[in-house]
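Following: one structure in structure tokens, then a few remarks.
In this chain, numbering begins with 1 at the start of the sequence shown. Counting starts at 1 for both ligands and their atoms, following the listed order.
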Amino acid sequence: MTVTPLEHRIKARIRLDGPMSVFDFMGTCLGDPEHGYYMAREPFGAGGDFVTAPEVSQMFGEVIGAFLVETWERLGRPAPFQLVEFGPGRGTLMADLLRVARRAPAFVAAARLGLVETSPRLRARQAATLAGGPLSPTWYAAAEEIPAGPLIAVANEFFDALPIRQFERAGDAWRERMVGLDGEGRLVMGLGATALPGAGLPERLAAAEDGAIVEVSPVGVAIMAGLARRIAAEGGVLLAIDYGYSGPAFGDTFQAVRSHTPVEALERPGEADLTAHVDFTALGAAARGAGAAVHGPVEQGDFLLSLGLAERAGRLGADKDEATRADIVGQVERLVGPDEMGSLFKVMAVTRPGVALPGLAPTFPLSDTRSRP
Ligand code: SAH
């Protein structure tokens with residue numbers, strides 16, 4: 001098989017500079033301006049590589065829309081406010097949630113729509129999806145560009161697309177996992193030369209077994225801390241939904257998917273979607289550290305059902321034929337079923353302290369250790 005253009009470039013860089021961290025590899029594969037996965041491809045849907053919740057069913061975005069309008073009410077109906085989505089993909093979630101939000105004209109009148117998206121190709125797709133909707137979006141490359149003021153934000157499968165660093169226990173030390181070349185010039189995973197001595201690290205790291213892997217998401221934590229600081233100061237909410245776990249935990253969650261099938265993470269750089277599970281405990285700690293309150297994480301299934309997904313499905317199916325009704329039931333099952341997205345995906349929100357949210361109880365730091373799903 002031929003090598004991908006990005007593989008060519010990554011190998012040349014490794015020959016020149018030596019092995020690159022998983023962080024650099026993941027960031028390059030997803031975000032390279034020319035050949036990065038999100039830059040060059042449209043990955044979503046049955047014909048793409050994976051299906052996200054908004055692409056499963058319009059009901060997902062409708063429930064999120066109802067949540068955001070209700071939250072806006074509880075926040076005291078701030079006007080104006082920034083209505084922002086992080087990593088909107090095809091724009092489906094925003095289109096669906098705006099359809100529901102339209103029933104609250106004061107919400108739409110107060111909203112300034114912003115989309116945080118790095119891919120020009122996906123920006124164009126989002127523009128097409130949202131054309132003719134009640135609000136015209138402004139695009140931002142990063143959270144810092146969003147104008148000041150109260151923020152009502154949603155991020156579905158955004159944090160899992162941000163690059164992670166991995167460290168592996170090797171003897172008495174920790175070393176960073178790096179992508180290098182083997183004797184035949186193939187990409188291989190290895191360990192970096194610099195050793196972090198085990199002694200002096202936090203207890204749980206010091207006690208880890210040989211071969212144990214820890215993951216950190218420096219970009220995700222930084223984005224969360226920045227948004228939480230802003231929300232603590234100016235008000236609002238951030239709703240984050242992702243495939244994730246409550247850490248601390250050990251394990252390798254760096255994974256690649258192509259055409260709905262798991263593939264080797266180092267195979268065909270730029271052509272597979274790369275993700276890592278989200279450590280909600282780390283994100284929650286970052287938000288609390290910035291002065292915000294954290295709600296959840298709860299399982300996606302519980303969240304959607306407590307906000308009335310089943311009733312919405314009933315209404316949607318009421319005047320439909322048998323086959324369409326069966327489709328709707330299937331979609332509900334995919335969104336909330338425990339063996340489907342229902343329990344693998346978690347929902348967490350960040351507000352100022354003292355705000356009560358629909359479907360999400362405030363939570364306090366976890367002190368227990370739980371394993372990954
Ligand atoms: N939320 C969508 C798409 C999820 S895929 C859905 O649920 O269908 C991840 C999205 O995040 C893509 O739109 C991708 O281009 C965007 N993205 C990835 N890294 C980003 C970054 N660092 N800044 C902004 N957007 C990013």
Practice task
Name the option, out of Asp242, Asn156, Thr92, that contains the heavy atom nearest to atom 7 (O) of ligand 1.
Solution key: Asn156
Show the atoms of ligand 1 that are less than 4.0 angstrom away from any heavy atom in [X].
X: Pro54; value: 6 (C), 7 (O), 8 (O)
X: Leu162; value: 22 (N)
X: Leu122; value: 12 (C), 13 (O), 15 (O)
X: Val116; value: 24 (C), 25 (N)

Practice task
Please find out if less than 6.0 Å separates the ring center of Phe345 from that of Phe303.
Solution key: no
Exercise for the section: Would you mind checking if Lys320 and Asp327 are paired as a salt bridge, meaning a charged N to carboxylate O distance below 4.0 Å? Expected result: no
Practice task
Might you confirm whether atom CD of Glu264 has over 12 heavy atoms from other residues, nucleotides or ligands at distances under 6.0 Å?
Solution key: no
Test item: [X] and [Y] side chains (from C-beta on) under 4.5 Å apart, heavy atoms:
X: Met189; Y: Val22; value: yes
X: Val63; Y: Arg312; value: yes
X: Phe159; Y: Asp279; value: no
X: Met59; Y: Leu309; value: yes
X: Leu97; Y: Leu68; value: yes

To the nearest 0.1 Å, how far is [atom] from its closest protein heavy atom, and which atom is that?
atom: atom 11 (O) of ligand 1; value: Gly87 CA, 3.2 Å
atom: atom 4 (C) of ligand 1; value: Glu157 O, 3.4 Å
atom: atom 21 (C) of ligand 1; value: Thr118 OG1, 3.7 Å
atom: atom 5 (S) of ligand 1; value: Tyr38 OH, 3.4 Å

Problem - Modelled atom types, side-chain donor and acceptor of Asp32 and Tyr37, under 3.5 Å - result: no
So is [X] polar-close to ligand 1, meaning N/O to N/O under 3.5 Å?
X: Gly89; answer: yes
X: Ala141; answer: no
X: Glu117; answer: yes
X: Thr52; answer: yes

Practice task
Between Phe86 and ligand 1, find which residue part has any heavy-atom pair under 4.0 Å and reply side chain, backbone, both or neither.
Solution key: neither
